[in-house]
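All remarks here apply to the structure that follows.
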Amino acid sequence: MQGANFSAVTEFILIGFSTFPHLQLMFFLLFLLMYLFTLLGNLLIMATVWKEHSLHTPMYLFLCALSISEVLYTFAIIPRMLADLLSTHRSIPFKACASQMFFSFTFGFTHSFLLTVMGYDRYVAICHPLRYNVLMSPRGCACLVAWSWAGGSVMGLVVTTAVFQLTFCGPNVIRHFFCHVPPLMKLACGNVSTVAMGVGLVCITTLLGCGVLILLSYAFIVAAILRIPSAEGRHKAFSTCVSHLTVVVVHYGFASVIYLKPKGPQSLEGDTLMGITYTVFTPFLSPIIFSLRNKELKEAVKKAFLSRLFLHSS
């Protein structure tokens, strides 16, 4: 990052919720409850997988890694957002803004890579069950998780470096509730079209690449399931994919709204409400989907925690 940037703009002002002055307390309480539920849900998943030896399988290892990335992603954005909802001075230092962008992109793309890896895991389990233990060995799974985190870190570094090497010399008001790329690029001086196009191309290409790989995995999975002679066997095979597939649809559904929306003037209210969908709402839904749609995990949670809670209370 260029040193001149710091002498020009030392802080940014986040005005995402300024258009909802009478709803800020309600938003604070609602988002606080959703954030706490997101943390609790993901921590419960991680603790259950750690405690139950029957869940020490590649699928649940990836689910744990996904929960960690989700906790860290929300931690990069929501605590400051909650503090700003109760504050009248919603400033964020230049370096803190760059850090928030780096971590949000790092954990966001790590999430996408892990969803892709989980799709591959389901593909191997259903299409090549006899080779599953070889292809998804502990070392292989650890490498897939490590590469997902490394890929997310590279994406975060590339995007953040590209944005913050620009010069910010004028207005410092960000029309959003966190340091997001589009509103921040509008504050940069000079011609930023090349950087904007490059960042957009990198993000969209990566998301579409992950999406295509997941679609290919499920195309082979569906073909393999249809070859299973019994209806019970088909249902059992597909039930192992339902929770992952639901989270993928939610994740990419909201991501496509953000990255593939048509260019044009956007209202501050629209940008703020749209931002809430992928920073608060999607992470809130993910542990619910995995807990309710995954029978094995649901039974393990009951066995590990709920049954003991009732025993202690009685």
Side-chain angles (χ1 to χ4, degrees), residues 5 8-24 26-28 30-32 34-35 72-109 111 155-156 159-164 166-189 192-193 195-197 199-200 202-204 207 251 254-284:
N5 289 352
V9 172
T10 59
E11 68 175 14
F12 295 102
I13 309 297
L14 302 166
I15 63 166
F17 290 103
S18 61
T19 54
F20 305 102
H22 303 298
L23 298 175
Q24 290 186 12
M26 187 193 75
F27 279 154
F28 172 80
L30 176 63
F31 297 154
L32 176 62
M34 293 178 74
Y35 178 54
L72 294 174
Y73 174 76
T74 54
F75 184 73
I77 297 173
I78 297 181
R80 175 173 284 276
M81 181 189 76
L82 292 173
D84 286 345
L85 281 169
L86 296 180
S87 173
T88 55
H89 185 63
R90 303 181 180 93
S91 64
I92 181 170
F94 188 94
K95 290 183 179 180
C97 186
S99 298
Q100 186 184 61
M101 180 178 288
F102 169 74
F103 288 117
S104 63
F105 270 89
T106 293
F107 302 133
F109 276 101
H111 195 86
M155 288 297 300
V159 172
T160 306
T161 303
V163 173
F164 281 89
L166 297 170
T167 302
F168 297 92
C169 55
N172 67 337
V173 176
I174 298 177
R175 293 172 59 84
H176 217 292
F177 58 85
F178 75 105
C179 291
H180 193 40
V181 172
L184 198 57
M185 296 280 272
K186 293 177 182 177
L187 305 180
C189 304
V192 300
S193 58
V195 175
M197 188 180 298
V199 169
V202 167
C203 293
I204 292 172
L207 285 173
H251 177 78
F254 287 129
S256 64
V257 169
I258 302 305
Y259 289 103
L260 303 179
K261 66 180 180 180
K263 299 293 183 182
Q266 299 288 328
S267 68
L268 179 59
E269 295 92 338
D271 284 341
T272 299
L273 294 175
M274 195 175 292
I276 290 169
T277 61
Y278 61 90
T279 56
V280 181
F281 193 60
T282 303
F284 171 76

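Keep in mind that the numbers below use all heavy atoms, side chains included, and drop hydrogens, waters and symmetry copies. The structure displayed is predicted, hence computed values, not measured ones.
- Note that the SG atom of Cys179 and the CZ atom of Phe102 stand 14.5 Å from one another [nearest 0.5 Å].
- Shown here are the side-chain contact (heavy atoms from CB on, under 4.5 Å) partners of His251, two or more places apart in sequence or in another chain: His111, Ser112, Leu115.
- Distance check, rounded to the nearest 0.5 Å: CD of Gln24 to CG of Leu82 gives 12.0 Å.
- Looking at Val280 and Tyr35, their side chains never come closer than 4.5 Å, going by heavy atoms from C-beta outward.
- Side-chain contact between His176 and Leu14 is absent, with no heavy atoms from C-beta onward closer than 4.5 Å.
- Side-chain atoms of Ile78 and Pro283, non-hydrogen and from C-beta on, never get closer than 4.5 Å to each other.
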side-chain contact (heavy atoms from CB on, under 4.5 Å) between Phe177 and Leu85: does it pass, once the steps are laid out?
-> CA-CA 9 Å; Phe177 58 85; Leu85 281 169; over 6 Å; no
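- Here CG of Leu184 is found 5.0 Å from CZ of Phe12. Values are rounded to the nearest 0.5 Å.
- Atom OG1 in Thr161 sits 10.5 Å away from atom CE in Met101 (nearest 0.5 Å).
- Among the candidates Phe107, Tyr278, Phe178, the single residue satisfying the side chain to side chain contact (heavy atoms under 4.5 Å, CB included) test with Ile77 is Phe178.
- Under the side chain to side chain contact (heavy atoms under 4.5 Å, CB included) rule, Leu187 has a single partner from Ile174, Val173, Val192, which is Ile174.
- Residues Cys189 and Phe168 fail the side-chain proximity criterion, which asks for heavy atoms closer than 4.5 Å.
- Between Leu207 and Phe109 there is a side-chain heavy-atom pair separated by less than 4.5 Å.
- Taking the six-membered ring for Trp and the full ring otherwise, the centers of Phe164 and Phe94 sit less than 6.0 Å from each other.
- Within 6.0 Å of CZ in Phe75 there are 12 or fewer heavy atoms belonging to other residues, nucleotides or ligands.
- Between Met34 and Phe281 the shortest side-chain heavy-atom distance falls below 4.5 Å.
- The side-chain heavy atoms of Asp84 and Phe17, taken from C-beta on, include no pair separated by under 4.5 Å.
- To the nearest 0.5 angstrom, Asn172 atom CG is 7.5 Å from Thr10 atom OG1.
- Note that OG1 of Thr74 and CZ of Phe31 are 14.0 Å apart. Values are rounded to the nearest 0.5 Å.
- In this structure a side-chain-to-backbone donor-acceptor pair under 3.5 Å is missing from Glu11 to Ser91.
- With contacts defined as side-chain heavy-atom distances shorter than 4.5 Å, the pair Leu72/Phe103 does not qualify.
- In terms of heavy-atom proximity, Ile15 sits nearest to Arg175 at CG1-CA, 3.9 Å.
- Legend: residues meeting side-chain hydrogen bond (donor to acceptor under 3.5 Å, both in side chains) with Ser87, ordered by chain and number and at least two apart, are absent.
- Scanning both residues, Ala76 and Ser104, for their nearest heavy atoms gives CB-N, 4.3 Å.
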Might you work through the side-chain contact (heavy atoms from CB on, under 4.5 Å) test for Tyr73 and Thr106, ending with a clear yes or no?
-> CA-CA 8 Å; Tyr73 174 76; Thr106 293; over 6 Å; no
